[in-house]
Amino acid sequence: MFHLFENRIQRAFASFLQIRYGADLPVLLEQPRQSDFGELALPVAFQLAKQLKKPPKAIAAGIVEGIGAVEGVAALEIAGNGYINIRLDRGLYGRTVLEQSSQPAAPKPGKVIVEHTNINPNKAAHIGHLRNAVLGDTFVRLLRAAGHTVEVQNYIDNTGVQVADVVVGFHHLEKKSPAEVEHLAGSARFDFLCWDLYARVSSYYQEHPEAAAWRLEALHAIEQGHGDAAEIGHIVADAIVECHLATMRRLEITYDVLPRESEILHLRFWATAFEQLKQRNAIYLESEGKNAGCWVMPGAAFSQEADEEDSKVIVRSNGTVTYVGKDIAYQLWKFGLLGKDFYYHALKTYEDGHTVWVSTVEPSEGAPSFGRATEVYNVIDSRQSYLQDVVVAGLRQLGYTAQADQSVHFAYEMVALSPRTCAELGVELSDEDSKRPYVEVSGRKGLGVKADDLIDKLIETAAKEVDARHPEAPIDERRQVAGQIATGALRYFLLKYTRNTVIAFDFQEALSFEGDTGPYVQYAAVRARNILRKLKERGGELPDFESVLTREAMERQLASEDFWQLLVAASKYGSSIERAVASGEPAHVARYAFQLAQAFNNFYHAYPVLAEENPEKRALLLWMTQYFCAQLEETLRVLGIRAPRYM
RNA sequence: GCGCCUGUAGCUCAGUUGGAUAGAGCGUCUGGCUACGAACCAGAAGGCCGGGUGUUCGAGUCACCCCAGGCGCACCA
């Protein structure tokens, strides 16, 4: 609601300034330093000072005198050296919130694709993957809340070297037949088994460099699709994808479609992209130097500082395409520019009826249409920004400037491990590493915190608290509540840092449920609902807010600074979403949720709602409780966090 | 060597596109449960915003130069 008032005030000032001064400048609205200065502040007099050659304070005075009445504004005050502070009309504001509390954002045109998760299907997911998925999933929820149509893609590299390495492990080290691997793949936590095997294979390569031939052989077999190695590769990748989907499901993360590398290969996506790139001279066949015999993209295409040496190889001298090449083809497909399409079959349907589709080479019936986006967000580790630049440059070189501009590398920093957590995991650190503030995880070394282990640990910790507090509740219910607290804690933990902050993962911090955490926010929602529940338990009913809380009643009650501040804070949900989408920073919403929860806890403590005897005040307290609860739950929903029924 | 990112309270981090007296959480210290159940609340202490020079009415925020750290710069993905 707040941003509607903001927009209205902005328009009123913009048109006034246009008429009065012929000034066509954006009217910036700020939040005043202190809340007792009002709800909004305009620094516009400063912006005009130079142009009009008058002191800001005089200009501000002119504006305040000239503009007259603005709807929704109770008072304009000049402060400091020339600020115009705005006080909203509290009665009108309260009434407006009461009458039109929730209205969904207007639908926006176009279709946004968000690609996230993208874990190699050869081992269990770890906390780094979780940051990617939680960030991506939350951004999807934010876009949808802002009215966008969004398609969620999770790219599966089922034919790459990482899968090949695990195949080598089963085939050569373990001497397993495809049937035996198939049997193992059906057992619980197959992804954990592969996690260890992958680490073993990696260290085996270290000691036996000649084993690299196995990897190459497996890779080729997988690409061709023949023989035991290929069969094992399929079994492993498919089973691990299932594991990842299950892990992510625990955190309420789902997908629309899983495009796979095997189909990019077999449907000859790359061949088509290759033709386009050659035809438009986006790449050329290098005849000399270190890249002789390769098709390369000139460095100048993706970097201003680049010289000849910085060209990027797209097709190797042996004729095979690099990852970047395939990614260009995939990116073209996302925008509907490739002239080719996947076929799909339904992989699974979630409890809520939503179906995930996976790419396939065979035509099938009933599959929806995917791709053809107007805007694409690729949620990828910031360490890959160089490669992402090359992909976008590929589009630009092909003349797809608009699509290149709509391709966003949604980058985030890595999740590393704190030295303390390494010690807890029993990892020995070199002297050099132990001096660092964090240690990088490594799938090859098997160094990392597995997602499912972490979730289990969080549930266990939460369950202890729940059991202690609600021993009388049914066990199933307690488990459900503990699960919701655990995912709330985890998602919030991964979201509260802005994207370009390296997270030095620490068990102690991640397992904390106090202070700036998910459970703190959930607890505020639970408290609010408890009040409403207690009211009913005691035979009470909610008053008819519409008739009791007239504009005059609102005016009287909201004169209280505490009530007014909570109402304003709770009504800023929309502004918070807009800001987070515009800046691409889900952390802003996490922060908003925390601040809102803080404001409520404060209110909760200071005003016993049910004990209030003055009917009008009691109505306001109840209404505020209900409104806060709705707004906070909406905010939590966008963060992918549930409010448990009790805590 | 080149490019990108980071440096804010003891620790971990915010800082709304350049605005008023720089904010949270944790930790420390003090106080508050016969309650809408304390996973909470109130209060205190804690700062040369890495350093320097500029830009302007105004800089944690922008520019340039240093210092310190991180990450990239494959015919791997």
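Since we're looking at a predicted model, the values are computed, not measured. In what follows, every heavy atom counts, from backbone to side chain, and hydrogens, waters and symmetry copies are set aside. Letters A, B, ... are given to chains in the order of the sequence lines, protein chains preceding strands, and every chain is numbered from 1.
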Given that both distances must come in under 3.5 Å, which nucleotide forms a Watson-Crick or G-U wobble pair with B:rC48? none

Tightest non-hydrogen contact, residues A:A164 and A:I222, listed as CA-CD1, 3.8 Å

Should B:rG3 form a Watson-Crick or G-U wobble pair with both distances under 3.5 Å, which nucleotide is its partner? B:rC71

Does A:F594 have A:K496 sitting over its ring (NZ/CZ under 6.0 Å from centre, angle to axis within 45°)? no

Could you check which of B:rC41, B:rA20, B:rC36 has an atom nearest any side-chain atom of A:N85? B:rA20

Work out which heavy atom in A:R260 is nearest to a heavy atom in A:Y155; give both atom names and the distance. C-CE1, 4.4 Å

So what does A:A292 touch, heavy atoms closer than 4.0 Å: a base, only the sugar-phosphate, or nothing? base

Counterpart base for B:rG43, defined by Watson-Crick or G-U wobble contacts under 3.5 Å: B:rC29

Distance alone, cut at 3.5 Å: any donor-acceptor contact between the side chains of A:R533 and A:N530? yes

Just label B:rU17 as syn or anti from its O4'-C1'-N9-C4 or O4'-C1'-N1-C2 angle, using within 90° of 0 for syn. syn

Give me the distances for all protein-to-nucleotides 71-73 of chain B N/O pairs that come in under 3.5 Å?
| unit_1 | atom_1 | unit_2 | atom_2 | d |
| --- | --- | --- | --- | --- |
| B:rC71 | OP1 | A:E440 | OE1 | 3.3 |

Looking at A:E613, I'd like to know if its CD atom is crowded, meaning that more than 12 non-hydrogen atoms belonging to other residues, nucleotides or ligands lie closer than 6.0 Å. no

Which pair of non-hydrogen atoms, one from A:L28 and one from A:L42, has the smallest distance, and what is that distance? O-CD2, 3.4 Å

Paired with B:rA63: which nucleotide, if any, by Watson-Crick or G-U wobble criteria at under 3.5 Å for both distances? B:rU53

Are A:F628 and A:F603, when compared by the centres of their aromatic rings, separated by less than 6.0 Å? no

Check nucleotides 11-18 of chain B against the protein and report each pair of N or O atoms closer than 3.5 Å, with its distance, or say if there are none.
| unit_1 | atom_1 | unit_2 | atom_2 | d |
| --- | --- | --- | --- | --- |
| B:rC13 | OP1 | A:V502 | O | 3.3 |
| B:rA14 | OP1 | A:T498 | N | 3.0 |
| B:rA14 | OP1 | A:T498 | OG1 | 2.1 |
| B:rA14 | OP1 | A:T501 | OG1 | 2.4 |
| B:rA14 | O2' | A:R591 | NE | 3.0 |
| B:rG15 | OP1 | A:H588 | NE2 | 3.1 |
| B:rU16 | O4' | A:R579 | NH1 | 3.3 |

Does a side chain donor of either A:T117 or A:H244 reach within less than 3.5 Å of an acceptor in the other side chain? no

